Amino acid sequence: MSGQRLHHLRLGVNIDHVATIRNARGGDHPDPVRAAHAAAAAGADGITAHLREDRRHIRDHDIEQLVSEIGLPLNLEMAATDEMLKIALRHKPHAVCIVPERREEVTTEGGLDAAGQHNHLVPFVARLRDAGIRVSLFINPDRRQLEAASSLGAPVVELHTGAYAHAADSGDAALLDAELARLALGASDGAAFGLEIHAGHGLTFDNVTPVAALPQVFELNIGHFLIGEAIFGGLDSTIKRMRALMDKARAEASGARSA
Ligand code: PXP
């Protein structure tokens, strides 16, 4: 192959569930902004936060503080609604990731239907881009969705790794191979469309390596596992271990490409 070293793989730490724990008691502790500072010190390349319509974890003042106080780029995940667009345009985070959102879901359960919602999404992508915000669309690794993202003019897509993560948990090796192949194809198709490829959802120490080794992937966004694991290992060492696993996967993939 090319023999070139793969580019640095960015780690975006999603701090939503620090806010989940804070909100359980209605006070200020634990503070997601403090977690963002700790993530930065541990080697995160960016901070991700999802402002949901029902404000179940991150709240408006968190976004305000994250934009003004942290030294890392903020990736704001949000639904394509007028309310969220106004908030994004007011705070101007580095990036916005448009996600599908249903009130009753526990987490973001599938990718955005960028193809089916094309006309609805056009003005959102355009207004965010015009404001200098880097727009990404959270989609399943599916050629039709990648094509739609490209035709919408979004520079970035984040591939939903939830089905891959479920396959890894299932113990079904054939299903896992199929889901990984789907991600690999999505990453290469997306890159061929000129999209920058990110990935995330359900990633853990045990399943991150094959995703981190995909050469077209530039960034992983990881939240629930890191915050949960930090209860046992601390945020600093948990993030450092994830960072090390990602770097090792990249180094090995670079070696395999130059062999
Ligand atoms: N990327 C996106 C777009 C998401 O919506 C989420 C969940 O909020 C994540 C990544 C992180 O997923 P997890 O919390 O399962 O690591």
Side-chain angles (χ1 to χ4, degrees), residues 9-21 23 32 35-36 39 44-59 62-63 66 73-81 84 88 93-103 105-114 121 128 134-141 145 149 154 156-169 179 183 186-187 190 195-208 211-212 217-231 235 238-239 241-243 245-246:
L9 179 61
R10 294 167 43 83
L11 171 61
V13 173
N14 179 315
I15 53 163
D16 291 351
H17 297 300
V18 178
T20 302
I21 298 172
N23 298 353
D45 299 287
I47 298 298
T48 294
H50 184 177
L51 187 66
R52 293 186 80 101
E53 186 195 8
D54 62 10
R55 309 302 197 268
R56 69 177 71 158
H57 37 58
I58 294 294
R59 302 212 163 129
D62 296 321
I63 297 298
L66 288 166
L74 177 70
N75 174 32
L76 169 64
E77 294 174 1
M78 57 172 238
T81 64
M84 289 299 153
H94 167 77
V96 159
C97 180
I98 301 182
V99 301
E101 196 174 299
R102 283 183 295 120
R103 237 170 210 275
E105 69 189 357
V106 175
T107 181
T108 312
E109 279 159 8
L112 187 71
D113 183 6
L121 291 169
L128 292 164
R134 197 155 171 78
V135 183
S136 92
L137 303 181
F138 189 42
I139 58 172
N140 290 328
Q145 300 298 344
V156 182
V157 288
E158 181 168 330
L159 301 181
H160 198 307
T161 52
Y164 160 80
H166 282 307
D169 285 344
E179 288 299 342
L183 280 174
L195 296 160
E196 181 175 304
I197 310 296
H198 299 179
H201 207 278
L203 296 177
T204 68
F205 290 156
D206 290 337
N207 67 23
V208 74
V211 181
V217 175
F218 268 79
E219 177 174 307
L220 299 182
N221 283 299
I222 311 180
H224 184 267
F225 174 80
L226 289 176
I227 303 307
E229 188 62 20
I231 293 169
L235 198 52
T238 301
I239 291 172
R241 182 159 169 219
M242 185 61 83
R243 175 77 270 161
L245 287 168
M246 288 164 54

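Everything numeric in this text was worked out from a predicted model, so none of it was measured. Quick note: numbers below take in every heavy atom, side chains included, and nothing from hydrogens, waters or symmetry partners. Both ligands and their constituent atoms are indexed starting at 1 by order of listing.
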Below 4.0 angstrom from a heavy atom of Val99, which ligand 1 atoms are there? Numbered from 1 as shown, please. 3 (C)
So the atoms of ligand 1 within less than 4.0 Å of a heavy atom of Asp16 turn out to be 8 (O)
Give the numbers and elements of all ligand 1 atoms closer than 4.0 Å to a heavy atom of Gly202. 12 (O), 13 (P), 15 (O), 16 (O)
Closer than 4.0 Å to some heavy atom of Asn221 - which atoms of ligand 1 meet that? 10 (C), 11 (C)
Is Arg134 salt-bridged to Glu196, cutoff N-O under 4.0 Å? yes
Decide whether an N or O pair under 3.5 Å exists between Gly200 and ligand 1. no
Parallel, tilted or perpendicular: which fits the ring planes of Phe205 and Phe225, with parallel below 30° and perpendicular above 60°? perpendicular
Does Met84 reach the side chain of Leu76, with side-chain heavy atoms less than 4.5 Å apart? no
Phe138 to ligand 1, any heavy atom closer than 4.0 Å: yes
Here the gap from His198 atom NE2 to Asn75 atom CG, rounded to the nearest 0.5 Å, amounts to 8.0 Å
Purely on distance, is any nitrogen or oxygen of Glu158 under 3.5 Å from one on ligand 1? yes
Backbone of Arg56 reached by a side-chain donor or acceptor of Asn23 within 3.5 Å: yes
In Å and rounded to the nearest 0.5 Å, what is the NE2 to CG distance from His201 to Leu220? 14.0 Å
Of all the heavy-atom pairs spanning Asp16 and Ala49, show the shortest one and how long it is. OD1-CA, 3.3 Å
So which bit of Thr48 gets within less than 4.0 Å of ligand 1, heavy atoms only: side chain, backbone, both or neither? neither
Kindly give the heavy-atom pair with the smallest separation between Thr48 and Glu77, and that separation in Å. CG2-OE2, 3.0 Å
From His224, His201, His57, Glu219 - option closest to atom 7 (C) of ligand 1 by heavy atom: His201
Below a 4.0 angstrom heavy-atom separation, can you tell me which part of Glu77, side chain or backbone, both or neither, approaches ligand 1? side chain
In short, Gly202 meets Asn207 closest at the heavy-atom pair O-ND2, 3.0 Å
If we number the atoms of ligand 1 from 1 as shown, the ones under 4.0 Å from a heavy atom of Ile222 are 16 (O)
Taking N or O atoms only and a 3.5 Å limit, does Phe225 qualify as a polar contact for ligand 1? no
Please indicate whether any nitrogen or oxygen in His17 is less than 3.5 Å from any nitrogen or oxygen in ligand 1. no
Contacting atoms of ligand 1, where contact means under 4.0 angstrom from a heavy atom of Asn14: 8 (O)
